[in-house]
Amino acid sequence: MRQVTRQTVRADAMAALTNAAIVMPQGVAFALVAGLPPEYGLFTAMITAIVAGFWGSSMVMVSGPTTAISALMFATLSPIAPPESQLYIVLALTLTIMIGMLQVAAGVARLGGLISFISHSVIVGFTAAAALLIACSQLGPALGVEVERGGSVIQRLLRIGEQIDHINPTACIIAFVTLFSIVLCQRLSRHLPAYLVALAVGAGAGHLLQAEENGIAMFSALSSVLPSFHVPAPTIGQIVELIPGAIAIAVVGLLEAISIGRAFATRREEKYDSNQEIVGQGLSNTFGGFLSCYAGSGSFTRSGLNAESGAQTPMSAIFAAAWLFLLLLLLAPLVVYIPVPAMAGIILYVAWRLIKISEIGHILQSSSETAILVATFLVGVIVDLEYAIVVGVVLSLVFFLYASSHPFVGVTAPMMVNGVQRLRNAEHNDLPQCPRISIRRIQGQIFFGSVDELERDFAKISQDRPSRNISVLILQGIQTVDLAGADFLNQHIRRTRRHGGQVFIVALYPSLITALERFGTMALLGEENLFHSKREAISHAIASVPNADCAGCLKRVFTECADKPGAACAERQTPAQA
């Protein structure tokens with residue numbers, strides 16, 4: 001509130017007007033995707049935006065109904081109750097409150113960092129599957145045929161195929177004209193209220209083609225333009241049945257909000273607190289569930305438009321809710337003139353926009369991310385969207401744990417770079433190594449999950465060069481170790497000393513040094529063998545090599561070797577080796 005001035009209020013109010021014009025038809029479309037009456041999408045666009053605007057962290061993100069969450073709501077609730085029925089609405093409000101409470105708990109527990117570990121490929125794969133499901137659900141209305149709801153993408157397509165002989169040409173024309181209008185508006189200018197224009201064109205086409213006389217369904221009048229307070233009263237069994245869906249939607253909503261909020265904060269060089277955002281999203285859904293709203297999250301489309309329109313503070317989201325209410329008062333009576341195929345055309349466009357071709361292409365270049373993307377997508381298309389999220393999240397954590405448990409251990413050696421001696425990977429650069437000193441750089445984490453892999457790598461290095469019994473461990477990038485990791489280092493120190501060698505450790509982070517002291521590694525190593533500088537550690541390692549061993553050495557890989565016996569007759573590195 002300290003950043004709100006007369007100038008920001010003016011800018012936020014203007015940006016909010018554009019936003020309200022966009023979200024009005026969008027809210028209706030998303031509510032239909034979720035299996036709810038149109039007004040619930042509009043209520044969500046108002047209430048969720050206000051609460052998240054007050055309690056969230058982003059300056060320009062606008063919350064409200066989204067396609068991904070709408071599709072998940074439908075996938076969760078449609079097997080339990082008929083869409084748009086009274087039971088369905090009660091369950092939707094209950095599910096929204098459950099989602100909000102889970103998100104608030106996650107924010108209070110400060111799990112914002114943990115949410116970030118879930119791969120972005122989960123959302124990309126899930127939204128692509130959701131896009132196909134949404135498109136299939138709207139093919140019937142767009143073609144003017146009645147088909148049974150529910151089922152997977154393949155089941156829906158088969159049902160459409162069975163009704164191919166009953167396609168209504170008038171419905172097809174209305175849907176196509178509406179879809180063409182929104183595409184044209186988007187190409188002409190992003191600032192045009194494309195959804196509103198497309199709905200107007202679709203309504204006009206319906207009027208010219210006498211839609212009602214040709215058997216085309218029209219929208220029913222909105223029951224209200226203001227949300228009402230209502231406490232849903234589900235049974236215990238229904239609540240238990242909704243728990244898996246609540247967890248999945250809560251995770252998806254937080255992933256959307258955090259990724260959008262962080263992206264805009266980085267672009268605008270603003271502070272962003274993911275835990276505060278989680279609390280804001282949770283409160284918006286908790287309050288929303290009592291005020292005729294279904295689950296919402298950050299909307300990338302509305303947030304991007306908000307930023308492009310010059311919004312400065314979260315007041316823009318609050319103003320957008322006020323503008324939307326005024327537009328509803330003016331335009332709500334006109335809803336009855338909108339043919340259902342017109343809205344189907346808009347939802348088909350929304351579904352197409354969900355598929356991020358460029359992001360999919362980028363992800364396919366990474367093997368691990370490809371597996372997450374494909375698995376999430378296939379489960380969403382063939383089985384269920386709800387399970388797709390679970391599979392994607394589990395795979396994300398599995399790949400993360402796998403990567404964490406496989407740290408990189410590289411043997412390094414000096415190399416001349418622009419006239420300065422630097423440590424580089426000895427194997428990749430074909431560098432000569434000291435016959436007595438092994439310099440090992442560990443990149444990753446030293447903890448119980450990586451100890452087995454580290455032991456295998458160290459054993460292989462020692463087997464390849466058994467004469468190198470002086471070891472320099474470079475742990476500069478490691479922040480801490482656990483008990484198992486410290487035991488591994490202790491065993492390496494004892495084993496090296498049994499063979500007449502010595503271990504020197506290079507560590508920077510105080511947290512790592514504290515952990516080494518706590519687990520007894522420092523007492524075993526000795527304070528004199530811990531260094532903050534690689535150069536200093538290597539100098540002490542060279543000094544610990546007996547002069548008799550150096551006298552017959554012909555490699556002289558370190559600059560300090562010049563001071564060792566036999567340096568005059570030793571073979572230096574050639575320029576090619578350097």
Side-chain angles (χ1 to χ4, degrees), residues 44 48-73 96 98-127 130 246-288 295-307 311 313-314 316-317 354 356 359 362-363 369 372-373 376 388-390 392-397 399-400:
T44 304
T48 303
I50 292 173
V51 178
F54 270 115
W55 287 93
S57 178
S58 176
M59 296 295 283
V60 295
M61 187 175 73
V62 182
S63 295
T66 68
T67 18
I69 290 183
S70 300
L72 257 181
M73 291 285 291
T96 300
M98 293 171 64
I99 292 165
M101 294 173 68
L102 287 172
Q103 291 175 334
V104 170
V108 171
R110 306 192 68 79
L111 299 182
L114 181 62
I115 296 293
S116 302
F117 281 114
I118 299 173
S119 172
H120 180 63
S121 303
V122 176
I123 292 297
V124 175
F126 165 77
T127 50
I247 295 172
I249 298 172
V251 171
V252 172
L254 294 183
L255 282 172
E256 284 188 320
I258 291 174
S259 59
I260 293 170
R262 184 177 289 126
F264 281 106
T266 302
R267 188 183 308 172
R268 294 163 60 92
E269 298 182 357
E270 296 169 343
K271 293 181 179 180
Y272 184 73
D273 184 347
S274 58
N275 290 304
Q276 183 62 46
E277 190 62 60
I278 291 176
V279 172
Q281 295 296 321
L283 289 174
S284 69
N285 286 322
T286 303
F287 284 115
S297 182
S299 166
F300 190 83
T301 303
R302 293 181 68 195
S303 301
L305 181 63
N306 198 39
T313 75
S316 59
L354 270 178
K356 307 295 184 183
E359 290 187 15
H362 179 70
I363 291 170
E369 295 294 309
I372 296 172
L373 171 70
T376 305
I389 287 293
V390 175
V393 168
V394 169
L395 279 179
S396 293
L397 296 176
F399 279 110
F400 170 74

Between [X] and [Y], what is the shortest heavy-atom contact and its length?
| X | Y | value |
| --- | --- | --- |
| Pro314 | Gly53 | CB-O, 3.3 Å |
| Ser396 | Val122 | OG-CG2, 3.2 Å |
| Leu283 | Val51 | C-CG1, 3.7 Å |
| Ser297 | Thr66 | O-CG2, 3.9 Å |
| Leu254 | Ala106 | CD1-CB, 4.4 Å |

So how far is it from [X] [atom1] to [Y] [atom2], rounded to the nearest 0.5 Å?
| X | Y | atom1 | atom2 | value |
| --- | --- | --- | --- | --- |
| Ile249 | Met73 | CD1 | CE | 5.5 Å |
| His362 | Leu373 | NE2 | CG | 12.0 Å |
| Asn285 | Met98 | CG | CE | 12.5 Å |
| Ile260 | Ser299 | CD1 | OG | 6.5 Å |
| Arg110 | Ser274 | CZ | OG | 8.0 Å |
| Ile363 | Ile372 | CD1 | CD1 | 9.0 Å |

Going by salt bridge (Lys or Arg N to Asp or Glu O under 4.0 Å), name the residues that satisfy it together with Glu270, two or more places apart in sequence or in a different chain. Arg268

Taking CZ in Phe287 as the centre, count heavy atoms belonging to other residues, nucleotides or ligands within less than 6.0 Å. Is the count above 12? no

Compile the donor-acceptor pairs under 3.5 Å between side chains in residues 275-282 and protein atoms, sequence neighbours left out, one pair per line.
{"unit_1": "Asn275", "atom_1": "OD1", "unit_2": "Leu111", "atom_2": "N", "d": "3.2"}
{"unit_1": "Asn275", "atom_1": "OD1", "unit_2": "Gly112", "atom_2": "N", "d": "2.8"}
{"unit_1": "Gln276", "atom_1": "NE2", "unit_2": "Trp55", "atom_2": "O", "d": "2.6"}
{"unit_1": "Glu277", "atom_1": "OE1", "unit_2": "Ser57", "atom_2": "N", "d": "2.9"}
{"unit_1": "Glu277", "atom_1": "OE1", "unit_2": "Ser58", "atom_2": "N", "d": "3.1"}
{"unit_1": "Glu277", "atom_1": "OE2", "unit_2": "Gln281", "atom_2": "NE2", "d": "3.1"}
{"unit_1": "Gln281", "atom_1": "NE2", "unit_2": "Ser63", "atom_2": "OG", "d": "2.9"}

Distance-only, no hydrogens or angles: does the Asn306 side chain make a donor-acceptor pair with backbone N or O of Met61 under 3.5 Å? no

Treating Thr96 as the side-chain partner and Ala295 as the backbone partner, does any N or O pair qualify as donor plus acceptor under 3.5 Å?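 It does hold such a pair.
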
Thr313: side chain to side chain donor-acceptor pair (under 3.5 Å) partners, not counting sequence neighbours: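 Result, side chain to side chain donor-acceptor pair (under 3.5 Å) vs Thr313: Asp12.
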
